[in-house]
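This report concerns only the one structure given below.
Proteins get letters first, then strands, A, B, ... in listed order; numbering begins at 1 in each. On a predicted model such as this, the values are computed, not experimentally measured, just so you know.
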There are 2 protein chains.
Amino acid sequence: MVKGDGSDSSVSWQSIRDTMMTRIRAQDYAPGELIPNEVDLAAEFGCARATVNRALRDLATSGFLDRRRKAGTRVREAPRRKATLSIPLTRAEVESSGARYDYRLLERAIETPPPLVRETLKLSGTERLLHVKSLHLADDVPHMFEDRWIVLETVPAIETVDLAKTSPNVWLVRHLPYTHGTMEFLAETAGARSRHLICADDDPVLTMLRVTWLDASPITFARQSFSPSHRMRLEL
Amino acid sequence: MVKGDGSDSSVSWQSIRDTMMTRIRAQDYAPGELIPNEVDLAAEFGCARATVNRALRDLATSGFLDRRRKAGTRVREAPRRKATLSIPLTRAEVESSGARYDYRLLERAIETPPPLVRETLKLSGTERLLHVKSLHLADDVPHMFEDRWIVLETVPAIETVDLAKTSPNVWLVRHLPYTHGTMEFLAETAGARSRHLICADDDPVLTMLRVTWLDASPITFARQSFSPSHRMRLEL
DNA sequence: GAGTGGTCTAGACCACTTG
DNA sequence: AAGTGGTCTAGACCACTCT
């Protein structure tokens, strides 16, 4: 059958996805049980198998279905839900809340890495690293303090960048996409950072550790500590 | 051309994706610039347009490309990277670290919600909520303290569940998938929770707030506080 | 061995957007 | 008006894995 042949018969993969999602929620298909195969569903919906495939693939990616060749498609008993954190570019994060963003370079030096950084980035210890401390503000109020190490062997070009104008993160995002990395959240006391964040030494602050790699080469280690009241929000 | 016709000519969408990714990284296609359209790329790779489409759609989903009808496909200047946090089922999280998981129900009561919960869940204040406090342990060491409110109007069935055996979260995941929700991370001082987490009152703890909904109906509000040394890890 | 999902093709129409 | 991506179809072969 051809679209536009007058029968107005085409079915969208989204509508199939939605229908199947409704059935899963209503437990028309019991958790853990097989659902009909693609050929049968295509017959039911009156569409091509590829269209059903697209819909079910989407639900599998979303974590509601488990698909295996020959074994068929099952409803996951405990949906593997994922939260996606669109990685905050600090400027966008601040401005989206309606505040004016400001960035200040506090320190810039080329040093050999301390043990924590050396081990995390799997360095020998003799490498030259660019060490940058900076403060990010929202409406002139301290928002986040960043302490970052950048491996010059991996990113030589950043040595000549004027980091008073461009924050290291912005420069890196634009010039050196990473291949993979990790992010960790933890709670710490502000300690020495209290001076920049304008809070008490023993205030709890949310800290985000980020490490990124370009294949096997370490790029950067960043410790970003947010002002005490800050919350990191994710949509589910 | 047909697969298996002896010419061994089929090209996978993954290989096209990888090739295009390499070109993006190498800046063969400059950031912000148009890349060739699907028809031209299909000709170059010697495959059907649908195959190119699948590859480029994947890169767009991953945040490296921006696609618009008529306007064409552009390389994103600042890749919109996403971190995915596979939502931790506490038991799996603990056991994946090799520790033995344990769960203890501390308190269970049916109450009217305090202001914070009422406002967050958009309740009138007269609803009956199930209020549950529990402790999750790893090798008998406190790992996470949870204070949770569950809206009985939305989830009446949970009133008769033996929550000493099944944690509220496990029950909810299995019986009532949510449609959407939010998650927030913040740093707090342990305060009264120190008794359960076995730490000092002023130790900083990482707290995760979770609110979930079934369409317009509020399901639950949970405040989970992790033991002081804990880090929440995400892969990039 | 056989059933199921994964993918590719060639062609077509459609939807959106820019010029 | 026209170019580009988005999607659907019908058919085919393949890869995986369960029995």
Side-chain angles (χ1 to χ4, degrees), chain A residues 1-21 23-24 29 32-76 80, chain B residues 1-21 23-24 29 32-76 80:
Chain A
M1 186 179 305
V2 175
K3 284 187 70 169
D5 62 354
S7 63
D8 188 43
S9 61
S10 79
V11 178
S12 75
W13 67 268
Q14 291 97 332
S15 73
I16 295 178
R17 178 198 58 198
D18 294 347
T19 300
M20 295 302 288
M21 189 67 230
R23 292 181 185 177
I24 292 169
Y29 301 127
E33 286 312 295
L34 283 173
I35 70 173
N37 68 33
E38 296 187 348
V39 172
D40 291 348
L41 286 171
E44 181 200 331
F45 289 111
C47 67
R49 181 168 77 93
T51 308
V52 172
N53 179 278
R54 178 83 189 264
L56 298 188
R57 184 157 32 89
D58 190 75
L59 288 172
T61 303
S62 306
F64 294 103
L65 294 176
D66 230 352
R67 317 195 76 199
R68 280 153 67 199
R69 286 163 159 149
K70 164 68 178 177
T73 300
R74 290 171 187 279
V75 178
R76 289 190 83 104
R80 172 179 45 84
Chain B
M1 187 177 305
V2 175
K3 283 187 71 169
D5 63 355
S7 64
D8 188 41
S9 62
S10 79
V11 178
S12 76
W13 67 267
Q14 291 97 332
S15 72
I16 294 178
R17 179 198 58 198
D18 294 347
T19 300
M20 295 303 287
M21 189 67 230
R23 292 183 184 176
I24 293 169
Y29 302 126
E33 286 313 296
L34 283 173
I35 70 173
N37 68 32
E38 295 188 347
V39 172
D40 291 349
L41 286 171
E44 182 200 331
F45 289 111
C47 67
R49 181 167 77 94
T51 308
V52 172
N53 179 278
R54 177 84 189 265
L56 297 188
R57 184 158 30 88
D58 190 77
L59 288 173
T61 303
S62 306
F64 294 103
L65 294 177
D66 231 351
R67 318 195 76 199
R68 279 154 67 202
R69 285 160 158 149
K70 165 68 178 175
T73 300
R74 290 172 187 281
V75 177
R76 288 191 85 102
R80 172 179 45 83

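In this structure, Arg67(B) CZ and Leu59(B) CG are separated by 9.0 Å, a value rounded to the nearest 0.5 Å. In this structure, OG1 in Thr73(B) is found 6.5 Å from CD in Glu38(B), a value given to the nearest 0.5 Å. Annotation: the span from Ser62(B) atom OG to Arg17(B) atom CZ amounts to 7.5 Å, rounded to 0.5 Å. Separation of atoms CZ (Arg49(B)) and CG (Leu56(B)) is listed at 10.5 Å; rounding is to 0.5 Å.
Legend: residues meeting side-chain hydrogen bond (donor to acceptor under 3.5 Å, both in side chains) with Arg57(B), ordered by chain and number and at least two apart, are Asn53(B). For Glu33(A), the side chain to side chain contact (heavy atoms under 4.5 Å, CB included) partners at least two apart in sequence or on another chain are Ala30(A). Arg74(B) pairs by the side-chain hydrogen bond (donor to acceptor under 3.5 Å, both in side chains) definition with nothing, not counting sequence neighbours.
With rounding to whole Å, Leu41(B) atom CG is found 14 Å from dT9(C) atom P. The separation between Asp40(B) atom CG and dG3(D) atom C1' is 12 Å, rounded to whole Å. Computed from coordinates, the Glu38(A) CD to dA12(D) C1' distance equals 15 Å when rounded to whole Å. Taking atom CG of residue Asn37(B) and atom C1' of nucleotide dT17(C), one finds them 15 Å apart after rounding to whole Å.
The side chain of Thr73(A) places an N or O atom within less than 4.0 Å of a non-bridging phosphate oxygen (OP1 or OP2) of dG5(C).
Side-chain contact check for Phe45(B) versus Thr51(B): every heavy-atom pair is 4.5 Å or farther apart. Leu41(A) places none of its side-chain heavy atoms less than 4.5 Å from the side chain of Ile16(A). Looking at Leu65(A) and Met20(A), their side chains never come closer than 4.5 Å, going by heavy atoms from C-beta outward.
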- prompt: Can Asp58(B) and Arg54(B) be said to form a side-chain contact (heavy atoms from CB on, under 4.5 Å), step by step?
  reply: CA-CA 6 Å; Asp58(B) 190 77; Arg54(B) 177 84 189 265; 6.0 Å; no
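A heavy atom lying under 4.0 Å from DNA chain D marks none of the residues of residues 13-20 of chain B. For DNA chain C, the residues of residues 47-60 of chain B within the heavy-atom distance limit of 4.0 Å (strictly under) are Cys47(B), Ala48(B), Arg49(B), Ala50(B), Thr51(B), Arg54(B), sorted by number. Using a 4.0 Å cut-off on heavy atoms, the residues of residues 63-71 of chain A that approach DNA chain D are Arg68(A), Arg69(A), Lys70(A), Ala71(A), listed by number.
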